[in-house]
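Step one of this worksheet: look at the structure below.
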Amino acid sequence: MRYDLVLFDNDGVLVDSEPISNRLLAGYLTELGHETSYEDSVRDYMGSAMHRIHDLILERTGQRLPEDFDDEFHARVFAAFERELKPVPGVADVLRQLAAAGVPFCVASSGSHERIRVGHRKTGLDRWFDDARIFSAQDVGRGKPAPDLFLHAARSMGVAPERCAVVEDSPLGVRAGLAAGMDVYGFTAMTPAEKLVGVKAPFTTMGELAALLA
């Protein structure tokens with residue numbers, strides 16, 4: 001394959017968590033008086049770190065979210081994960097192909113380390129990602145769309161940015177990968193291809209990805 005490292009976003013790319021988390025986020029924000037639809041949540045928050053939610057609510061309303069917002073939201077998400085979460089169809093085959101080809105891969109996610117690990121344990125993807133292959137927005141000062149997380153992951157894995165491929169499904173993640181100087185491939189399961197501006201190629205199923213990376 002043409003790359004020395006493949007960096008996967010987690011939510012919506014490895015685990016099919018975006019419908020779950022955006023449904024719960026919209027409901028929780030609405031409970032708190034910030035009317036938010038599922039579509040609003042996907043548009044405004046998909047692919048972002050938690051601090052972006054706080055920042056946007058404060059910017060739009062002048063009000064701060066409760067101090068325990070993150071803990072309560074994650075408790076709701078983790079409970080739903082235990083009931084509903086599944087891996088993205090075909091992603092285990094992609095990881096198997098990369099491993100067989102000797103191409104290193106990692107996860108670089110806006111989610112917390114705990115969220116990543118809970119999702120991977122539930123879906124069985126933990127067999128592919130040990131601690132050395134898991135990178136979170138918690139590890140850097142700024143989450144996506146800043147390039148910091150992808151650059152940190154590549155540096156930690158010992159690979160130059162120009163030798164990296166990023167697999168993303170959100171506009172924020174695509175912007176982060178491009179800003180890091182990496183090739184980005186856009187997974188369009190939840191986001192229309194026209195919104196993933198600048199990707200090297202869009203794809204609709206994980207079965208297409210290995211050929212794109214080759």
Side-chain angles (χ1 to χ4, degrees), residues 7-81 84-85 107-116 118-119 135-153 166-180 182 184 186-199 202:
L7 300 93
F8 289 91
D9 177 43
N10 188 58
D11 293 293
V13 172
L14 294 176
V15 296
D16 194 15
S17 54
E18 292 292 9
I20 299 171
S21 58
N22 281 286
R23 182 186 77 229
L24 293 173
L25 179 58
Y28 189 23
L29 289 174
T30 298
E31 281 178 35
L32 295 172
H34 307 291
E35 190 69 34
T36 305
S37 68
Y38 173 83
E39 292 75 18
D40 293 337
S41 181
V42 169
R43 182 193 65 230
D44 294 341
Y45 305 119
M46 182 171 150
S48 66
M50 290 299 292
H51 67 77
R52 178 179 168 84
I53 302 171
H54 289 264
D55 292 346
L56 281 181
I57 291 295
L58 180 61
E59 177 184 314
R60 291 171 174 176
T61 70
Q63 300 174 18
R64 295 188 182 277
L65 291 170
E67 288 189 8
D68 66 347
F69 178 86
D70 292 12
D71 290 341
E72 173 62 20
F73 175 62
H74 284 131
R76 297 183 186 197
V77 167
F78 296 163
F81 279 3
E84 306 173 43
L85 189 65
V107 57
S109 171
S110 293
S112 67
H113 279 280
E114 184 182 13
R115 177 179 172 130
I116 296 166
V118 167
F135 303 95
S136 161
Q138 289 179 312
D139 303 330
V140 294
R142 299 181 299 167
K144 304 170 188 178
D148 305 33
L149 175 56
F150 286 131
L151 292 173
H152 167 66
V166 168
V167 184
E168 267 288 354
D169 70 333
S170 74
L172 291 175
V174 169
R175 285 166 55 193
L178 294 174
M182 301 174 181
V184 183
F187 185 40
T188 61
M190 282 192 63
T191 306
E194 59 268 21
K195 293 190 176 182
L196 301 179
V197 178
V199 297

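- Arg43 has a carboxylate O that lies under 4.0 Å from a charged side-chain N of Asp40, or vice versa, which qualifies the two as a salt bridge.
- Counted by atom type alone, Ser41 and Asn22 present one or more donor-acceptor pairs between their side chains at under 3.5 Å.
- Ser109 contributes atom OG, which lies 4.0 Å from atom CD1 of Ile116 (distance to the nearest 0.5 angstrom).
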**Q.** Residues Val107, Phe135; criterion side chain to side chain contact (heavy atoms under 4.5 Å, CB included); working and verdict
**A.** CA-CA 6 Å; Val107 57; Phe135 303 95; 5.9 Å; no

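- In this model, a donor atom of one side chain and an acceptor atom of the other lie less than 3.5 Å apart for Asp11 and Ser17.
- Contact detail for Leu149 and Ala108: the closest heavy-atom pair is CD2-C, 3.7 Å.
- Partners of Ala137 under the side chain to side chain contact (heavy atoms under 4.5 Å, CB included) rule, at least two apart in sequence or in another chain, are Ala49.
- The minimum heavy-atom distance between Phe150 and Ala180, with the atom names listed, is CB-CB, 4.0 Å.
- Taking CD1 from Ile53 and CG from Leu25, the interatomic distance works out to 4.5 Å, rounded to the nearest 0.5 Å.
- Within the 4.5 Å cutoff, the side chain of Met190 has heavy atoms near those of the Pro19 side chain.
- Checking side-chain atoms of Thr30 against main-chain N and O of Thr36 turns up a donor-acceptor pair under 3.5 Å.
- The two atoms that bring Gly47 and Glu18 nearest to each other are N-OE2, 4.0 Å, heavy atoms only.
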Please tabulate, for the side chains in residues 69-78, all donor-acceptor contacts under 3.5 angstrom to protein atoms that are two or more places apart in sequence or on a different chain.
| unit_1 | atom_1 | unit_2 | atom_2 | d |
| --- | --- | --- | --- | --- |
| Asp70 | OD1 | His54 | NE2 | 2.7 |
| Glu72 | OE2 | Arg76 | NE | 2.7 |
| Glu72 | OE2 | Arg76 | NH2 | 3.3 |
| His74 | ND1 | Asp70 | O | 3.0 |
| Arg76 | NH1 | Glu31 | OE2 | 2.9 |
| Arg76 | NH2 | Glu31 | OE1 | 3.2 |

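- Between the CG atom in Leu151 and the CG atom in Leu7 there is a gap of 9.5 Å [rounded to 0.5 Å].
- Between atom CG of residue Leu65 and atom NE2 of residue His34 there is a gap of 5.0 Å, rounded to the nearest 0.5 Å.
- Every side chain to side chain contact (heavy atoms under 4.5 Å, CB included) that Arg60 has, sequence neighbours left out, goes to Asp44, Tyr45, Leu56.
- Expressed to the nearest 0.5 Å, how far CE of Met50 lies from OG of Ser110 amounts to 11.0 Å.
- Counting only residues at least two apart or on different chains, the side chain to side chain donor-acceptor pair (under 3.5 Å) pairs with a member in residues 137-149 are Asp9-Lys144, His113-Asp139, Arg142-Asp148, Lys144-Glu168.
- For Phe187, the ring-ring contact (aromatic ring centres under 6.0 Å, His included) criterion is met by Phe203, not counting sequence neighbours.
- At least one donor-acceptor pair under 3.5 Å links the side chain of Thr191 to the backbone N or O of Asp169.
- Put simply, the side chain of Ser136 gets close to the backbone of Gly111: a donor and an acceptor are under 3.5 Å apart.
- Taking every heavy atom of both residues into account, Pro202 and Thr188 meet most closely at CB-CG2, 3.9 Å.
- With rounding to the nearest 0.5 angstrom, the CG atom of Leu32 is 8.5 Å from the CD1 atom of Ile57.
- Taking the side chain to side chain contact (heavy atoms under 4.5 Å, CB included) definition, one finds that Ile20 meets it with Arg23, Leu24, Ala80, Phe81, Glu84, Leu85, sequence neighbours left out.
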